[in-house]
Participant: 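Before I ask anything, here is the structure I am working with.
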Amino acid sequence: MNKEEKIRISLIIFAILVAASALSMYHTYQQPASEIQTVILGIYWHNALYDYAAELKPNIIYENKTILKPGEGTLYTAITNKINLSFTYSLTSNPPPETANITLKTLTIEIESPEKWIKTLSETSIKEIFKLKGSLNFTLEIACAKIRELVDKIDKEIGTYTSTYNIYIMPEIQVNARISTKTIEETYAPKLTIAFKTGTEKGSYISIENLNQRVQKKITETRRVEYPEIQTWRNISSAATALTSMGLVASGLLYMKNRQPIGEETAEKIEEIVSEYEDMMVKTIRPPPETQITIELETLEDLTKIAEILAKPIIQTTTEKECIFYLVDNNVKYQYRAKSKS
């Protein structure tokens with residue numbers, strides 16, 4: 001294996017290495033070196049529990065049962081004297097709160113005649129009509145006859161008649177807590193609806209909805225997550241691409257420097273071919289004739305192959321600067337030029 005072939009092989013190897021390292025670099029740069037992530041630091045729950053115990057009048061349907069609690073039966077309006085309602089709030093979290101300050105900010109109670117009127121009670125009326133007791137965890141007394149009396153008075157004032165009406169109980173709870181090193185400042189308003197329904201297929205009864213309410217919330221933090229291994233591979237692939245590219249350039253320059261130029265072979269090679277094809281060689285002192293087409297060949301060996309195919313002699317003429325080998329076939333001249341020995 002001569003020097004030129006060795007350089008050509010190294011050139012091919014460096015070309016493959018450049019392609020491989022460039023592909024690796026492209027792949028690593030497609031991967032993010034960092035990204036924004038939302039991290040869950042904790043979870044907390046607002047827990048609102050309404051409960052009641054309804055006092056009943058003497059009745060047949062429940063065999064004179066005097067107290068009815070949730071899930072024990074329908075609260076029929078005609079046999080319900082009053083409803084003792086309680087409200088309890090708690091804040092739970094994972095991890096547990098570091099500090100917590102929870103207060104009842106406001107308590108709003110509304111009485112509504114659907115599509116007719118709505119009455120928001122004052123703080124004084126709430127205490128008088130509903131006998132409010134407590135603060136954050138409170139109790140109310142809903143006297144059915146007293147509420148019906150109030151509804152009738154409002155109907156009389158505005159000239160309407162109400163058969164079905166609703167009571168909305170809306171506490172607004174202020175929560176200030178610290179969970180997972182984060183401060184929580186927000187309000188929570190669990191709404192309870194008490195509906196007095198009349199003339200339904202089920203009869204006239206009291207419906208109490210949303211007794212148990214729970215709201216879950218998450219404490220999150222946005223962070224930039226770094227992937228140092230990606231940056232390391234980027235650096236490695238970039239360095240590999242740079243180094244192999246330098247090797248490719250160096251091999252290319254070395255190959256161009258040592259590559260046999262077109263139309264130039266070593267003197268030993270020419271002498272070897274001339275000796276081998278001596279019977280086909282004819283020397284002349286005349287310059288090559290002008291032809292319509294001239295084909296320059298890279299090597300003398302190529303010219304000998306054409307001479308054998310065309311069965312033509314190779315004519316050799318020498319000048320001070322070069323030695324010309326050629327043959328003429330019709331109007332086509334095939335020739336090879338070699339530098340003369342100095």
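Since we're looking at a predicted model, the values are computed, not measured.
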Participant: Begin from the C-alpha positions of Leu75 and Ile208 and carry the test side chain to side chain contact (heavy atoms under 4.5 Å, CB included) through to its verdict.
Facilitator: CA-CA 9 Å; Leu75 292 175; Ile208 304 179; 4.0 Å; yes
Participant: Give, for atom OG of Ser135 and atom NZ of Lys105, the distance between the pair rounded to the nearest 0.5 Å.
Facilitator: 16.0 Å
Participant: May I ask you to check if Lys133 and Phe138 form a cation-pi contact, with NZ or CZ under 6.0 angstrom from the six-membered ring centre and within 45° of the axis?
Facilitator: no
Participant: Run Lys312 and Asp329 through side chain to side chain contact (heavy atoms under 4.5 Å, CB included) and show every step you take.
Facilitator: CA-CA 8 Å; Lys312 297 279 188 178; Asp329 181 43; 3.5 Å; yes
Participant: Kindly indicate, with the supporting measurements, whether the criterion salt bridge (Lys or Arg N to Asp or Glu O under 4.0 Å) is fulfilled by Glu149 and Lys153.
Facilitator: CA-CA 6 Å; Glu149 183 181 346; Lys153 285 182 179 180; 3.7 Å; yes
Participant: Do NZ/NE/NH1/NH2 and the carboxylate oxygens of Arg148 and Asp152 come within less than 4.0 Å?
Facilitator: yes
Participant: Fit a plane to each ring of Tyr50 and Phe87, take the angle between them on a 0 to 90° scale, and name the class: parallel (under 30°), tilted (30 to 60°) or perpendicular (over 60°).
Facilitator: tilted
Participant: For the atom pair OG1 (Thr80) and CG (Asn59), what is the distance rounded to the nearest 0.5 Å?
Facilitator: 9.0 Å
Participant: Do we get Arg234 above Tyr29's six-membered ring, with its NZ or CZ under 6.0 Å from the centre and within 45° of the axis?
Facilitator: yes
Participant: For the atom pair CD1 (Ile61) and CG (Leu68), what is the distance rounded to the nearest 0.5 Å?
Facilitator: 11.0 Å
Participant: Looking at residues at least two apart in the chain, or sitting in another chain, which of them share a side chain to side chain donor-acceptor pair (under 3.5 Å) with Thr284?
Facilitator: none
Participant: Determine, for Lys119 against Glu112, whether the closest basic-nitrogen to carboxylate-oxygen distance falls under 4.0 angstrom.
Facilitator: no
Participant: Salt bridge or not between Glu221 and Arg223? Use side-chain N to carboxylate O under 4.0 Å.
Facilitator: yes
Participant: Between Arg337 and Glu296 (salt bridge meaning N to carboxylate O under 4.0 Å), is one present in this structure?
Facilitator: yes
Participant: Is the closest basic N to carboxylate O distance between Glu290 and Lys333 below 4.0 Å?
Facilitator: no
Participant: For Arg178 and Thr183, what are the C-alpha separation, side-chain angles and deciding distance, and is it a side chain to side chain donor-acceptor pair (under 3.5 Å)?
Facilitator: CA-CA 4 Å; Arg178 188 170 180 81; Thr183 300; 3.2 Å; yes
Participant: Yes or no on side chain to side chain contact (heavy atoms under 4.5 Å, CB included) for Ile16 and Ile13, after CA distance, side-chain angles and deciding distance?
Facilitator: CA-CA 5 Å; Ile16 294 172; Ile13 292 173; 5.7 Å; no
Participant: Drop me the distance from Tyr165's OH to Ile154's CD1, to the nearest 0.5 angstrom.
Facilitator: 11.0 Å
Participant: Examine Tyr205 together with Tyr76 and report whether their ring centres are nearer than 6.0 Å.
Facilitator: no
Participant: Show your reasoning for whether side chain to side chain contact (heavy atoms under 4.5 Å, CB included) applies to Asn64 and Tyr62.
Facilitator: CA-CA 6 Å; Asn64 289 320; Tyr62 294 122; over 6 Å; no
Participant: Just checking, Lys127 and Phe130: is the charged tip under 6.0 Å from the six-membered ring centre and within 45° of the axis?
Facilitator: no
